[in-house]
Amino acid sequence: MNETYNPKNTEKKWQDIWDADGAFSAEIDKSKEKFYALVEFPYPSGQGLHVGHPRPYTALDIISRKRRLQGQNVLFPMGWDAFGLPTENYAIQNKIHPKAVTEKNIARFKEQLKALGYSFDWNREISTTDPEYYKWTQWIFLKLFEKGLAYKAEMPINWCISCKVGLANEEVVNGVCERCGSEVVRKVKSQWMLKITAYAERLINDLDLVDYIEKVKVQQRNWIGKSVGAEINFNVTGTDEALRVFTTRPDTIFGATYMVMSPEHTMLDKYKERIKNWDEVLRYREDAAKKSDFERTEIAKDKTGVGLDGFTCVNPATGAEIPVWISDYVLISYGTGAIMAVPAHDERDWEFAQKFNLPIVEVVSGGNVADAAYTDTEKGTMVNSGFLNGLEVSEAKKKITEYLSDKRLGEGKVNYKLRDWVFSRQRYWGEPIPVVYCEHCGYVPLSEADLPLLLPEVESYETTDDGESPLSKITDWVNAKCPKCGAAAKRETDTMPQWAGSSWYFLRYIDNKNPDKFASQESLDYWMPVDWYNGGMEHTTLHLLYSRFWHKFLYDIGQVTSPEPYAKRTSHGMILGENNEKMSKSRGNVVNPDDIVGEFGADTLRTYEMFIGAFELAAAWSNEGVKGCRRFLDRVWRLQDMLKGGGYSDELKTAMHKTIKKVTADYENMKFNTAIAAMMALTNEFYRLERVTKAEFETLLILLNPVAPHITEELYEKLGNKKRIYQSKWPVYDENLTVSETVTIGVTVNGKVKASVDVSPDENQDDIKARIFAIPAVIKAVEGKEIVKEIYVSCRIYNIAVR
RNA sequence: GCCCGAAUGGCGGAAUAGGUAGACGCAAAGGACUUAAAAUCCUUCGGAGGUAACUCCGUGCCGGUUCGAGUCCGGCUUCGGGCACCA
């Protein structure tokens, strides 16, 4: 009898052995196929590791460990996305330097991750807050600036009128400040922007080059939101000037019965003398400033707006003078900030017209525009539309666009929902933006030789009363010389958003200590692109898109050789609390991974998180379920007590080959739960026979090793192996041996199961039919009925349709 | 509101290409072992009816396609993720 399974005796032991052996350190080796596996590096929060973290990490650890056994040269790195708001807020509250907080949090995270036995190459660890790292983040910014992709623009921020600070969206709860409950307004500030929109088309098109799960591609395409339409000029009555609109439905122009401008539209200010109800406009503008875009575009809410008195435009198609309104459902950030309203064929316009009694003119037949807007573009013919009458919508689109550009009234235009990236934060704990402002030269970038521009020490990390970054109060840091003319100049005091550091981190892992370049050409050539990147769906539209944008930019300037950073992208579901709600302190349903490791061991935690359910779906935590996985590992441990020598036994030969096949495929398809179920079933077979051969046991151990690396290494050693599992080979299966001689299939009558019958794959239908019609239950079911049809699907089903 | 997902026993979930719904695990019940408990092992385990053989119902709801639908189509409901300064 061997001693009982105690992970405390074995897990640390194997982690130390792997460390000492350098088992998982990756080096360039051109004789081997490379595999670069990437998981999203964590934000090292003060709460420590969450049970959600191990889910994706274990998943790619499994794939990495398996690929190594299959002979690939695997790079599986880990690091820290350590700049950010929570650390800064914690630092403010506790009067500790954010750097100290970060160091402490990283140490804790690292210890926790190490205890889980991941095969990370810790030699390649990085932190975005390390000056040797953010030097290159700043360097990329300089390149963007150099190419005209970084620029300054007036953009609104959330401003708490009481705290006098700029707030993150998250800190605005129901329109009020999360800290003090006061009103939050939008305040316009000059901010650094990155021109991601210049890459919109390629970010869509190049999705065809990569293997991302479909929902990620769809979400990115929708986020970029390409729409093809036209920009059209509507002359302002009595002037030479035009109000320009963007529309995806130029075909409906004859139905444009009024126009709507965003309350922020600059043309309003220009014509304020003409607008008789200017006071009303100002009041409306103030109210709109309090709402987010999200609130403003909500369709369910009551539409609001102000009709301009004394300001009208002319519909260029009909020649009619039409009223102009302002309303907050038109956003200044999309299109031209103004629309032509076609209430008959747009839902929002329809509701607005209903509320304010504006005329609704049908120009596409097919619906009943008195009841609802008719928005179908597939079916319908143009009516009430002059020279467009009788055309289909798509034809009308083409014709009116040509007409408008001939008459110089507008032209075809592609618009994207994607907006440029607001790159400034008025915060301390971020990368300083390496730019100075010189009165003579304007914004001047630092020279590359001056990087990294270090984040200076400050007394206080509190944002300032005027909404500027805390850096603005450090005068001897702010005061600098213009790199161009040498005159006195001021440094930019905004810092970069957390997204900056995470937009290129995969490039630093491959050569993390290089002092001269973010990564050497050799390492880029060998390791890039990332072969498999797994992360949360919540990062699909921001992080994933931002990093693709930066990588494409680096590609354009010849710094990297692949147009896309990630060859493959998969996604995991969240781990919820036992009550099926998101884990949070306030809900009291948080599970600490340390407790699970302490009580059951890391292998149990890993096995459980992989067994919990379909990888891509959310799953609720269950402490009872954890116990079940520990029980499975206990059963595997006790297999050593029923060990017999020899190869695969005759009884289990098929089961062994089938299991190898299933586990091998399931791991690659991230169906970890069914892979584990198959290994449980195999273990149950050993128990049923009350013995396991050495070869069978070793195969099980290697198959299970990626999921539960410690227990399997220990048992493998106990079997007398001098080599470790990590040095062994992935088992192979023989396809011919995975097929059983007979299969049990169902016999159904009109789709209802009546009996089952064993068939062999090569048996012909007539023989099977003869046997089936001898079964009493089948005879009874078809008795006195007419047999209409019989369907036999080989090794699947035999169905008899009767009447 | 817009975009993307999801819904299957008491519970977590399984079901390559539309082919025996409920694999595997948890919980529960009964039994074996034990002085006892824990652990372990064995059995039962979707619902209703029936002594039984067996019958009927059953994959969120309504309808459709099909010899056959958890799976496909149309229309809903509810829940989760994202909505650009949380990351």
Side-chain angles (χ1 to χ4, degrees), chain A residues 4 40 42-43 45 81 84-86 155 157-158 166-172 191 196 214-216 218-219 221-223 225 292-301 329 333 347-348 417-422 424-427 497-499 502 536-543 545-546 571 573-574 576 580-582 608 611-614 616-629 631-632 634-635 638 665 669 671 673-674 676-681 684 687 744-756 777 780 788-791 793 795-802:
Chain A
T4 54
E40 286 168 345
Y43 174 67
S45 76
D81 189 15
L85 197 61
M155 290 300 291
I157 60 167
N158 299 309
L167 298 175
N169 284 348
E170 199 196 40
E171 297 173 295
V172 182
Q191 313 228 60
I196 189 173
E214 196 53 32
K215 61 178 172 178
V216 168
V218 172
Q219 190 101 320
R221 278 193 202 104
N222 290 342
W223 182 259
S292 66
D293 285 359
F294 165 51
E295 289 171 308
R296 289 170 52 160
T297 50
E298 236 178 325
I299 200 151
K301 83 167 176 124
Y329 80 95
S333 51
E347 279 178 47
R348 291 156 305 180
K417 283 209 189 79
L418 182 69
R419 306 203 292 260
D420 277 340
W421 175 4
V422 182
S424 284
R425 299 290 183 275
Q426 292 73 46
R427 289 283 179 169
Q498 191 174 18
W499 304 113
S502 60
M537 274 314 284
E538 71 274 21
H539 290 118
T540 302
T541 51
L542 299 181
H543 159 66
L545 212 52
Y546 290 152
S571 232
M574 283 215 306
L576 306 171
N580 240 305
E581 287 174 19
K582 203 169 171 169
Y608 175 64
F611 189 62
I612 192 167
E616 69 279 8
L617 301 182
W621 187 265
S622 155
N623 279 319
E624 295 301 335
V626 177
K627 276 189 221 161
C629 287
R631 205 171 291 159
F632 166 57
D634 279 324
R635 279 164 72 78
R638 290 198 309 272
N669 295 320
K671 304 189 84 171
N673 52 340
T674 52
I676 292 168
M679 291 185 282
M680 286 173 168
N684 291 345
Y687 272 81
T744 308
I745 66 162
V747 180
T748 58
V749 174
N750 283 352
K752 294 211 187 281
V753 184
K754 295 296 168 186
S756 59
K780 202 180 147 198
V788 185
K789 202 174 182 183
E790 283 173 62
I791 293 113
V793 182
C795 296
R796 288 276 185 195
I797 199 84
Y798 197 109
N799 185 45
I800 305 159
V802 298

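All chains are named by letter (A, B, ...) in the order of the sequence lines, taking the proteins before the strands, and each is independently numbered beginning at 1. Scope of the values below: all heavy atoms of this structure, side chains included, with no hydrogens, waters or symmetry mates.
Heavy atoms of A:Ile745 sit under 4.0 angstrom from at least one base atom. Looking at heavy-atom distances under 4.0 Å, A:Val793 makes contact with a base. Nucleic acid contact for A:Arg221: none, since no nucleic acid atom lies under 4.0 Å from a heavy atom of the residue. Contact annotation for A:Thr744: base contact, defined as any heavy-atom pair under 4.0 Å involving a base atom. Contacts of A:Leu167 with the nucleic acid, taken as non-hydrogen atoms under 4.0 Å apart, include base atoms. Counting non-hydrogen atoms under 4.0 angstrom, A:Thr541 reaches the backbone sugars and phosphates but no base. Residue A:Lys417 is in base contact, counting any heavy-atom pair closer than 4.0 Å across all strands shown. At the heavy-atom level, A:Ala620 lies nowhere under 4.0 Å from the strands shown.
Pair assignment for B:G25: B:C11, on the basis of Watson-Crick or G-U wobble contacts that are both within less than 3.5 Å.
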Taking N or O atoms only and anything under 3.5 Å, show me the protein contacts with nucleotides 72-77 of chain B, one pair per line.
none

Quick test: give all pairs of protein nitrogen or oxygen and nucleotides 63-67 of chain B nitrogen or oxygen below 3.5 Å, distance rounded to 0.1 Å.
| from | atom 1 | to | atom 2 | distance (Å) |
| --- | --- | --- | --- | --- |
| B:C67 | O2' | A:Asn799 | ND2 | 3.2 |
| B:C67 | O2 | A:Asn799 | ND2 | 2.4 |

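Spacing between B:A23 and B:U16 at atom P, rounded to whole Å, works out to 15 Å. Between B:A14 and B:C67, the distance separating the two C1' atoms is 26 Å to the nearest Å. Spacing of C1' atoms, B:U44 relative to B:G22, comes out at 16 Å, to the nearest Å.
We find that CZ of A:Arg635 is positioned 7 Å from P of B:G25, with the value rounded to whole Å. Here the C1' atom of nucleotide B:U20 and the NZ atom of A:Lys754 are 13 Å apart, to the nearest Å.
When all heavy atoms are compared, the tightest approach of A:Gly536 to A:Glu40 is N-OE1, 3.1 Å.
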